[in-house]
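Report on the structure given below.
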Amino acid sequence: MLNKNDIRACLDTMAEMFPDAHCELNHRNPFELVIAVALSAQCTDALVNKVTKNLFEKYQTPEDYLNVPIEELQTDIRSIGLYRNKAKNIQKLCRMLIDDYGGIVPADRDELTKLPGVGRKTANVVVSVAYDIPAIAVDTHVERVSKRLAFCRWKDSVLEVEKTLMKKVPKEEWSVTHHRMIFFGRYHCKAQNPQCPECPLLDLCREGKKRMKASLK
DNA sequence: AACTCGGGGCA
DNA sequence: TGCCCAGAGTT
C-alpha cells in the first residue's frame, strides 16, 4: 500500500487536474441534499439533477411529499429508475423526519443511516456537504481509484476503504479528498477505459503500470 | 458475499 | 442490443 506521502502527492495531482471538484448534487438545504443523494443510487448525477429541478419546485417540505399519493411521486421521479422503491423511501423518510426528528435533517451520520434509502455513503455526503462535518463518502469511484492506486488493499470492503482513507488523509481534507477522487475516477480513471497512457500518476500506480504492460503485448 | 431493483444514456 | 450508472436493502 502507498504511504501517506505518496497518497498526498496523488491527491495534490488530482487537485491540479480537477481544481473545481465539488459536490454536483449540492442543493440549497440539507433536506434537498438528502433527497437528491438518496435518489442518486445507481443513476447518473445528470439524470438526478434533471429530475430534482422540477421536484424541488413542486415539493419544499416533508409534508409536501406526504400530501400526494405514492403514484404521483413515482411519476415525478420515474426517469431515474428504481423509482418505486425510491418514492416509497422518500415518503417514509419524510414521515420519520416529522415524527422522530422535528422535521430537521439530523447532522449525525448514524442517525441519518436510520432513514430509509440512506446508507453510509449517502449519510457521509450529507454530513460533510450540508453540515461541514469531516467525512469521506466511499462510492464506486472512490473505491476503484483507492484500489488501483493502492491507497488501500485490493480486497478491502467499502468500510475498510473508508477507514484506511481516514487514517492516511488529514481530517480537514476529508471532504475535498472525496470530491477530487470522484472527479478523477469519473473523468480520468474510468471504470471501463482508464486514461493510463496520459495519467500523471502512472509512476505511482500499481494497476496502471500493470495495464500498460499488458497493452504492449 | 451475492443478489435485486430499473429507466435512461451511450457505444 | 448490451452494458453501466455519486447504492441500499435483503437473504
Side-chain angles (χ1 to χ4, degrees), chain A residues 11 14 17-18 20-27 30 32-56 70-97 105 109-131 133 135-148 151-162 165 174-195:
Chain A
L11 294 174
M14 291 181 200
M17 297 172 72
F18 302 98
D20 56 349
H22 61 283
C23 178
E24 298 195 352
L25 297 174
N26 195 1
H27 289 83
E32 289 184 348
L33 183 65
V34 174
I35 302 290
V37 181
L39 289 177
S40 75
Q42 288 303 101
C43 163
T44 61
D45 57 315
L47 210 48
V48 175
N49 284 329
K50 197 189 295 182
V51 167
T52 53
K53 187 183 177 189
N54 295 327
L55 198 69
F56 293 160
I70 184 79
E71 293 81 9
E72 183 173 342
L73 186 54
Q74 286 178 356
T75 302
D76 290 335
I77 65 171
R78 178 168 21 91
S79 60
I80 65 172
L82 305 177
Y83 58 91
R84 296 180 190 87
N85 271 333
K86 288 177 179 178
K88 187 172 63 179
N89 284 339
I90 285 179
Q91 287 197 328
K92 195 192 278 184
L93 180 150
C94 289
R95 174 50 60 197
M96 288 179 65
L97 281 183
V105 176
R109 208 254 315 281
D110 294 327
E111 293 299 324
L112 282 164
T113 308
K114 296 178 182 173
L115 300 171
V118 179
R120 191 179 182 87
K121 180 258 165 182
T122 299
N124 275 332
V125 172
V126 171
V127 296
S128 69
V129 174
Y131 293 115
I133 296 171
I136 298 180
V138 178
D139 59 21
T140 55
H141 294 308
V142 174
E143 180 181 4
R144 181 180 65 255
V145 170
S146 296
K147 292 182 176 181
R148 283 182 177 167
F151 286 5
C152 64
R153 295 175 221 281
W154 188 262
K155 310 205 81 172
D156 277 353
S157 66
V158 171
L159 187 58
E160 288 168 329
V161 175
E162 181 184 332
L165 290 176
W174 287 355
S175 295
V176 286
T177 292
H178 159 71
H179 295 132
R180 284 169 185 162
M181 291 184 71
I182 283 186
F183 272 66
F184 179 75
R186 178 129 75 91
Y187 298 113
H188 188 87
C189 193
K190 296 182 283 189
Q192 303 88 340
N193 199 13
Q195 314 290 98

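Just so it is clear, the values below take in all heavy atoms, side chains as well, and ignore hydrogens, waters and symmetry mates. Proteins get letters first, then strands, A, B, ... in listed order; numbering begins at 1 in each.
When each of B:dC5, C:dG7, C:dA6 is scored by its nearest atom to the side-chain atoms of A:Gln42, the top-ranked nucleotide is C:dG7. Here C:dA8 is the nucleotide among C:dA8, C:dC5, C:dA6 with the atom lying nearest to any side-chain atom of A:Thr122. When distances are taken from the side chain of A:Leu47 to each of B:dG9, B:dG6, C:dA6, the shortest belongs to B:dG9.
For the pair A:Thr52/A:His27, a side-chain contact is recorded, criterion being any heavy-atom separation below 4.5 Å from C-beta on. Contact annotation: the side chain of A:His178 approaches that of A:Val125 to within less than 4.5 Å [non-hydrogen atoms, C-beta and beyond]. Looking at heavy atoms from C-beta onward, A:His188 lies out of side-chain contact with A:Phe183 at the 4.5 angstrom threshold. When side chains are defined from C-beta on, A:Thr177 does not count as touching A:Leu165, because their heavy atoms never get closer than 4.5 Å.
With A:Lys147 contributing its side chain and A:Trp154 its backbone, the two residues share a donor-acceptor pair below 3.5 Å. Here the side chain of A:Lys86 pairs no donor or acceptor atom with the backbone of A:Ser40 at under 3.5 angstrom. Looking at A:Arg148, its side chain does come within 3.5 Å of a backbone N or O of A:Cys189 through a donor-acceptor pair. Listed for the A:Arg78 side chain is no donor-acceptor partner under 3.5 Å among the backbone atoms of A:Leu73.
Look at CG on A:Leu93: it is 15 Å from C1' on C:dG9, rounded to the nearest Å. Atom CE in A:Met181 sits roughly 15 Å away from atom P in C:dA6 (whole-Å rounding). Rounded to an integer number of Å, the gap from NE2 of A:His141 to C1' of C:dC4 is 11 Å. Between A:Asp139 atom CG and C:dC4 atom P the separation is 17 Å, expressed in whole Å. Across the protein-nucleic acid pair, A:Glu143 atom CD and C:dC4 atom P stand 15 Å apart, rounded to whole Å. The separation between A:Leu39 atom CG and C:dA8 atom P is 12 Å, rounded to whole Å. Remark: C1' of C:dC3 and CG of A:Asn193 are 14 Å apart, rounded to the nearest angstrom. In this structure, A:Asn49 places its CG atom 15 Å from C1' of B:dG8, rounding to the nearest Å.
The aromatic rings of A:Phe18 and A:Phe184 sit perpendicular, their planes meeting at an angle over 60°, well past the 30° parallel limit.
Nucleotides B:dG6 and C:dG2, compared at atom C1', are 15 Å apart to the nearest Å. Nucleotides B:dA1 and C:dA6, compared at atom C1', are 23 Å apart to the nearest Å.
A:His22 comes within 4.0 angstrom of a base, heavy atoms only. Note on A:Val125: nothing from the nucleic acid sits closer than 4.0 angstrom, heavy atoms only. A:Glu24 comes within contact range of at least one nucleobase, with a heavy-atom separation under 4.0 Å. Residue A:Ala137 is classed as having no contact, given no heavy-atom separation below 4.0 Å to the nucleic acid.
Within residues 110-117 of chain A, the residues approaching DNA chain C are A:Leu115, A:Pro116, A:Gly117, by heavy-atom distance under 4.0 Å. Within residues 75-83 of chain A, the residues approached by DNA chain C to less than 4.0 Å at the level of any non-hydrogen atom are A:Leu82, in residue-number order.
Scored by the ring-ring contact (aromatic ring centres under 6.0 Å, His included) test, A:His141 finds no partners at all (sequence neighbours excluded).
Comparing A:Lys86 and A:Lys50 by the nucleotide of DNA chain B whose heavy atom lies nearest to each, the residue mapping closer to the 5' end is A:Lys86.
Taking side-chain N and O atoms only, A:Thr140 has a distance below 4.0 Å to OP1 or OP2 of C:dG7. Taking 4.0 angstrom as the limit, A:Arg84 places none of its side-chain polar atoms (N or O) nearer than this to OP1 or OP2 of B:dC5.
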